[in-house]
Every structure is written in C-alpha cells, then in structure tokens.
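To keep things clear, I will list the structure first and then write my remarks on it.
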Amino acid sequence: MPSWPLNVDGFDHSDFSEPALSFVPSVATAAMIEVKGPMFERWKGDLLLATLRGNRMYRLRPVGDRIVYSEPMFLGERIRDLAELPDGAIVAWVDRGVLLELRPSAKLSAFNRFCSGCHQPTFGVPAGPSLVGLMGREIASVPGFRYSPALAKLNGVWDEARLMAYLRDPQKFAPGTSMVLPPLDDVLLAELIDQLKG
Ligand code: HEC
C-alpha cells in the first residue's frame, strides 16, 4: 500500500492504545450502548453494537479493558442507532426508518417455532425475506430478495386475509411459491397473525 509522502512515521501507531477488540473486515459500527436496565438480566453491563453491515447487532462482554465475548445477533436490518427504554427494553432504529423493540420472550412464540428459522436465522443467509413491517407492505417487495415468479407476480399488499390464506396453504395462494410450511391449525394461525401485526 503506498504511503502518504509526508507521513514520515509510516504505519507506526505506538502513540495509540491497543484496541480491546477489532473487527476485520469492518462491521461499520453505527452506535454503541451499555445494557443497564432490569429487563435483560443476563446482559447487564454488556455492550450492544449497532452495525450497518450484515444486518447484525453485536453483544460484547467487557471484562476489565478486554472484550471476552462477541455474539452477533441477526436482526435482518441495517441498524443506525440503539437506545434502552426506562423499563429496560432495547429499541433499534433501522435503515428503513422504523423502530424495532427488543424484549425477552417468556415462551417460544409460534413465530419462533415455525418461522424464524427461515425468516430470522441467528446466523447464515436467511432463506426467506425479512417480515419486519409486513402488514400493509407490497407482496414480494423486499429489495434484493429473490422471490419465486409465483409470489413476485402477485399484486396488492399483505393484509390479514391474504396472510391467513398464504399461511394456511401456500401452494393454493401462490401456486409455485418456494415457501414450504407444515399444516398450521387455526389457533396457531391467529397467534402468528397477531405477532406479525405487532
Ligand atoms: C423453510 C423456510 C421457511 C419457513 C419455515 C417459513 N418461510 Fe415464509 N418464506 C420463505 C420463502 C423462501 C419465501 C419467499 C417465497 C417465494 O418467493 O415464493 C417466504 C415468504 C414469506 C412471506 C411473503 C413475504 C413478502 O415479502 O411478500 C410471508 C408473509 C411469509 N413467508 C411468512 C411466513 C410465516 C408467518 C412463517 C411461519 C409460519 C413462515 N413464513 C415460515 C421461507 C420460509
């Protein structure tokens, strides 16, 4: 790499403190907060890092001046800023201009049991498009996601009736869609739709 001719010290960084942690390649840090509130008891004192690459937030555990642990968490969005609410919930402000509210779930929700594996995986490339802000959104409209021609050709926005029909029988709603689901009963469907509205 060529050096700036007036930079006589070259790459000597001895005037600086060593980093506690460095990401190579960069994760494009946008913000960092410390978890202080009562809601995420096991995260207390940890640092949450908002990033603009990889649609991830990181949880870092500092011990002294070292970071001993870094956990990437897939949120499916580029994250601009983070804040902790007075009750301890974490809010993330994402690129699309919406706020995501993060709270620990008491039980494994229907969404976590049946959908998050494809739509919100903890690591790896998701098999399905992000479902954040689904209601009222154009069908098959997440930029960059490769939808099947069957779903891509449908017009209209997602509402309760369309979602119910798609989840009850994906192939009937959009013959040829690449989403595969087990049969879901009415109680589960109602719970899922409630969650996706929220
Ligand atoms: C095995 C992986 C998988 C599972 C499990 C799964 N999905 Fe999907 N989902 C997909 C794929 C792939 C697509 C894109 C389908 C297409 O292009 O035809 C999709 C698309 C969707 C869409 C359309 C989104 C849009 O942008 O128009 C909705 C809504 C949806 N899924 C809801 C759910 C719900 C709710 C669950 C849980 C009950 C679920 N999915 C479970 C893979 C999955």
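Both ligands and their constituent atoms are indexed starting at 1 by order of listing.
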Worksheet entry | Close side-chain approach of F114 and L181, heavy atoms under 4.5 Å | no
Worksheet item: Where does the angle between the aromatic ring planes of W43 and F40 fall among parallel (under 30°), tilted (30 to 60°) and perpendicular (over 60°)?
Response: parallel
Worksheet item: Once the angle between the rings of F173 and Y166 is folded into 0 to 90°, is it parallel (under 30°), tilted (30 to 60°) or perpendicular (over 60°)?
Response: tilted
Practice prompt. Considering only non-hydrogen protein atoms, determine which one is nearest to atom 16 (C) of ligand 1 and report residue, atom name and distance to 0.1 Å.
Written response: S178 OG, 3.2 Å
Worksheet entry | Residue T177 vicinity, atoms of ligand 1 by number, heavy atom under 4.0 Å | 15 (C), 16 (C), 18 (O)
Worksheet item: Heavy atoms, side chains only, cut-off 4.5 Å: are E84 and L48 in contact?
Response: no
Worksheet item: Who's closest to atom 27 (O) of ligand 1 heavy-atom-wise, of S116, A140, G117?
Response: A140
Worksheet item: Given side chains that start at C-beta, do those of F23 and L21 come closer than 4.5 Å, heavy atoms only?
Response: yes
Worksheet item: Relative to atom 8 (Fe) of ligand 1, how many protein N, O or S atoms have a separation of less than 2.8 Å?
Response: 2
Discussion item. Could you tell me, atom by atom, which parts of ligand 1 come under 4.0 Å of a heavy atom of S148?
Written reply: 16 (C), 17 (O), 18 (O)
Worksheet item: Counting from 1, what ligand 1 atoms have a heavy atom of Y166 closer than 4.0 Å?
Response: 15 (C), 20 (C), 21 (C), 22 (C), 23 (C), 28 (C)
Worksheet entry | Region of F111 engaging ligand 1 - heavy atom pairs below 4.0 Å | neither
Discussion item. Only heavy atoms of L167, strictly under 4.0 Å: list the atoms of ligand 1 that pass.
Written reply: 32 (C), 33 (C), 34 (C), 35 (C)
Discussion item. When you compare the side chain of Q195 with that of C115, does any pair of heavy atoms fall below 4.5 Å?
Written reply: no
Worksheet item: In the protein, which heavy atom is nearest to atom 12 (C) of ligand 1, and how far is it?
Response: A127 O, 3.3 Å
Discussion item. Looking only at protein heavy atoms, which one is nearest to atom 26 (O) of ligand 1, and what is the separation?
Written reply: Y147 OH, 2.6 Å
Worksheet item: Between R56 and L49, is any pair of side-chain heavy atoms under 4.5 Å apart?
Response: no
Worksheet entry | Atoms of ligand 1 close to L192 [distance to a heavy atom under 4.0 angstrom, numbered from 1] | 38 (C)
Response to the item:
Counting from 1 in the order shown, the ligand 1 atoms closer than 4.0 Å to a non-hydrogen atom of F145 are 14 (C)
Response to the item:
for atom 5 (C) of ligand 1, nearest protein heavy atom and its distance come out as F114 O, 3.3 Å
Worksheet item: Counting each atom of ligand 1 from 1 as listed, which ones have a heavy atom of L163 under 4.0 Å away?
Response: 29 (C)
Practice prompt. Using a strict cut-off of 4.0 Å, indicate which atoms of ligand 1 neighbour a heavy atom of L134.
Written response: 29 (C)
Practice prompt. Could you grab the distance from atom CE of M39 to atom CG of D87, nearest 0.5 Å is fine?
Written response: 4.0 Å
Worksheet, complete the sentence: Among non-hydrogen protein atoms, atom 23 (C) of ligand 1 lies closest to W158 CZ2, 3.5 Å
